[in-house]
Amino acid sequence: MKVGVVVFPGSNCDHDLYHVLKEGLHLDTIFLWHKEHDLQGCDAVFLPGGFSYGDYLRCGAIARFSPIMKEVEQFAKKGGPVLGICNGFQILTESHLLPGVLLRNNSLQFVCKNTSIRVESNQTPFTKKISPSHILSMPVAHGDGNYFIEEEGLKRLEGEGQVVFRYVDSSGKPSEAANPNGSVKNIAGICNAAKNVVGLMPHPERTSEGLLGTVEGKIIFESLLG
């Protein structure tokens with residue numbers, strides 16, 4: 001399997017993600033520069049965390065107009081698997097590949113901490129190896145991770161199984177204290193209606209190697225292998 005990690009000016013988790021895919025999963029992994037017009041035959045595409053284009057205007061608002069994103073959009077519409085992490089999630093919503101928006105954290109402060117997230121759906125390429133209700137521990141690091149969608153859209157997300165991850169407490173229940181950013185219904189990650197595009201705010205690549213103390217996040221990448 002050949003996978004691509006998109007690199008925007010300001011990306012800072014691109015090499016972390018590349019390392020997990022290349023060295024951890026031994027996949028044929030390449031970087032895809034934001035000015036490129038070709039996905040070079042990739043079977044899956046990853047949008048990493050960071051501050052694409054300095055987060056000017058809005059997080060992901062400029063990155064959505066990159067030449068490479070036109071290719072990613074076409075790839076996704078044809079059913080290709082796409083995963084956006086943190087800033088990558090923001091870019092996917094700005095590109096309308098995922099519904100809703102990521103707003104400023106309700107605390108108005110940057111949040112960097114470990115969180116617990118509950119898997120709500122295993123119907124995506126990135127969760128098919130994980131049982132629903134399984135709890136994963138992984139860190140968040142963002143200032144604009146407050147997921148919001150209007151009421152009608154939220155009903156559709158919940159009803160069609162598009163909520164993929166939810167922030168929970170140590171007992172596995174959603175709570176205000178477990179929600180690091182104020183996201184509606186403790187949503188930590190979602191997918192599109194076709195379930196091939198997934199975005200989440202927590203960083204699985206930071207919990208995918210024993211040296212970091214845990215490999216819990218690695219299963220998200222391993223799920224892609226079937």
Side-chain angles (χ1 to χ4, degrees), residues 1-9 11 13-14 17-18 21 27-50 52-53 57-102 119-130 147-150 152-165 187-201 204-205 220-221 223-226:
M1 176 178 283
K2 184 177 183 180
V3 299
V5 177
V6 179
V7 182
F8 301 97
S11 294
C13 298
D14 44 343
L17 195 47
Y18 180 96
L21 297 168
L27 298 176
D28 180 7
T29 309
I30 63 170
F31 285 121
L32 296 167
W33 184 233
H34 70 116
K35 290 186 177 181
E36 294 182 23
H37 295 265
D38 184 3
L39 296 184
Q40 301 179 42
C42 285
D43 300 300
V45 175
F46 294 82
L47 306 184
S52 58
Y53 295 90
L57 300 183
R58 272 187 325 276
C59 300
I62 298 178
R64 67 159 294 195
F65 294 105
S66 295
I68 196 66
M69 283 307 299
K70 294 179 181 178
E71 305 304 318
V72 173
E73 289 169 21
Q74 290 303 311
F75 177 75
K77 289 174 182 177
K78 293 177 182 177
V82 178
L83 179 68
I85 301 169
C86 197
N87 189 227
F89 185 9
Q90 295 163 343
I91 294 169
L92 290 175
T93 58
E94 288 288 338
S95 301
H96 305 297
L97 288 173
L98 290 176
V101 296
L102 279 307
V119 177
E120 303 289 88
S121 170
N122 64 354
Q123 300 302 305
T124 81
F126 304 100
T127 56
K128 60 186 178 183
K129 282 192 173 182
I130 315 173
Y147 181 75
F148 176 79
I149 190 169
E150 81 290 347
E152 199 59 39
L154 179 60
K155 288 180 181 178
R156 190 160 51 249
L157 281 185
E158 297 277 16
E160 297 182 8
Q162 290 179 244
V163 177
V164 182
F165 302 102
I187 291 174
I190 62 169
C191 65
N192 63 342
K195 297 182 169 56
N196 63 300
V197 179
V198 176
L200 75 162
M201 289 309 296
E205 79 280 8
I220 289 177
F221 306 110
S223 288
L224 188 61
L225 304 180

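As the structure is a computational prediction, the values presented were derived from the model and not from experiment. Side chains included, hydrogens not; waters and symmetry mates left out as well; all remaining heavy atoms used.
Distance check: F8 CZ to I68 CD1 gives 8.0 Å after rounding to the nearest 0.5 Å. We find the CG-CD distance between L154 and Q162 to be 11.0 Å, quoted to the nearest 0.5 Å. Rounded to the nearest 0.5 Å, atoms CG (L98) and CD1 (I190) are 4.5 Å apart. Residue L102 holds its CG atom at 11.0 Å from CD1 of I149, rounded to the nearest 0.5 Å.
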Could you give the side-chain donor-acceptor pairs of residues 37-47 under 3.5 Å, partners two or more places apart or in another chain?
unit_1, atom_1, unit_2, atom_2, d
D38, OD1, Q40, N, 2.8
Q40, NE2, E36, OE1, 2.8
D43, OD2, K2, N, 2.9

Show me the side-chain donor-acceptor pairs of residues 192-200 shorter than 3.5 Å, one per line, residues at least two apart or across chains.
unit_1, atom_1, unit_2, atom_2, d
N192, OD1, K195, N, 2.8
N192, OD1, N196, N, 3.0
N192, OD1, V197, N, 3.0
N192, ND2, N196, OD1, 2.9
K195, NZ, E160, O, 2.9
N196, ND2, A76, O, 2.9
N196, ND2, G80, O, 2.8

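Residues L57 and A61 share a closest heavy-atom pair of CB-CB, 4.2 Å. Across every non-hydrogen atom of I91 and G60, the tightest pair is CG1-CA, 3.7 Å. S121 and Q123 get closest at one heavy-atom pair: OG-N, 3.1 Å. The minimum heavy-atom distance linking C86 with G49 is given by the pair CB-CA, 4.1 Å. Nearest heavy atom pair, residue V82 against residue F126, reads O-CE1, 3.4 Å. Considering all non-hydrogen atoms of both residues, C191 and P99 come closest at O-CD, 4.5 Å.
Evaluation of the side chain to side chain contact (heavy atoms under 4.5 Å, CB included) rule for D14 yields V5, V7, S11, F31, P48 as partners, not counting sequence neighbours. Shown here are the side-chain hydrogen bond (donor to acceptor under 3.5 Å, both in side chains) partners of E205, two or more places apart in sequence or in another chain: H203. By the side chain to side chain contact (heavy atoms under 4.5 Å, CB included) test, F65 pairs with no residue at all, sequence neighbours left out. Shown here are the side-chain hydrogen bond (donor to acceptor under 3.5 Å, both in side chains) partners of T124, two or more places apart in sequence or in another chain: T127. V163 pairs by the side chain to side chain contact (heavy atoms under 4.5 Å, CB included) definition with E120, L157, E158, R166, I187, not counting sequence neighbours. For N122, there are no side-chain hydrogen bond (donor to acceptor under 3.5 Å, both in side chains) partners two or more places apart in sequence or in a different chain. Residues meeting the salt bridge (Lys or Arg N to Asp or Glu O under 4.0 Å) test with K35, sequence neighbours left out: none.
Looking at L224 and P81, their side chains come closer than 4.5 Å, going by heavy atoms from C-beta outward.
Residues in residues 64-73 take part in these side chain to side chain donor-acceptor pair (under 3.5 Å) pairs, two or more places apart or across chains: Y53-S66. Within the structure, side chain to side chain donor-acceptor pair (under 3.5 Å) pairs that include any residue of residues 89-98 comprise R58-E94, N87-Q90 (at least two apart or interchain).
No donor-acceptor pair under 3.5 Å is formed between the side chain of T29 and the backbone N or O of Y18.
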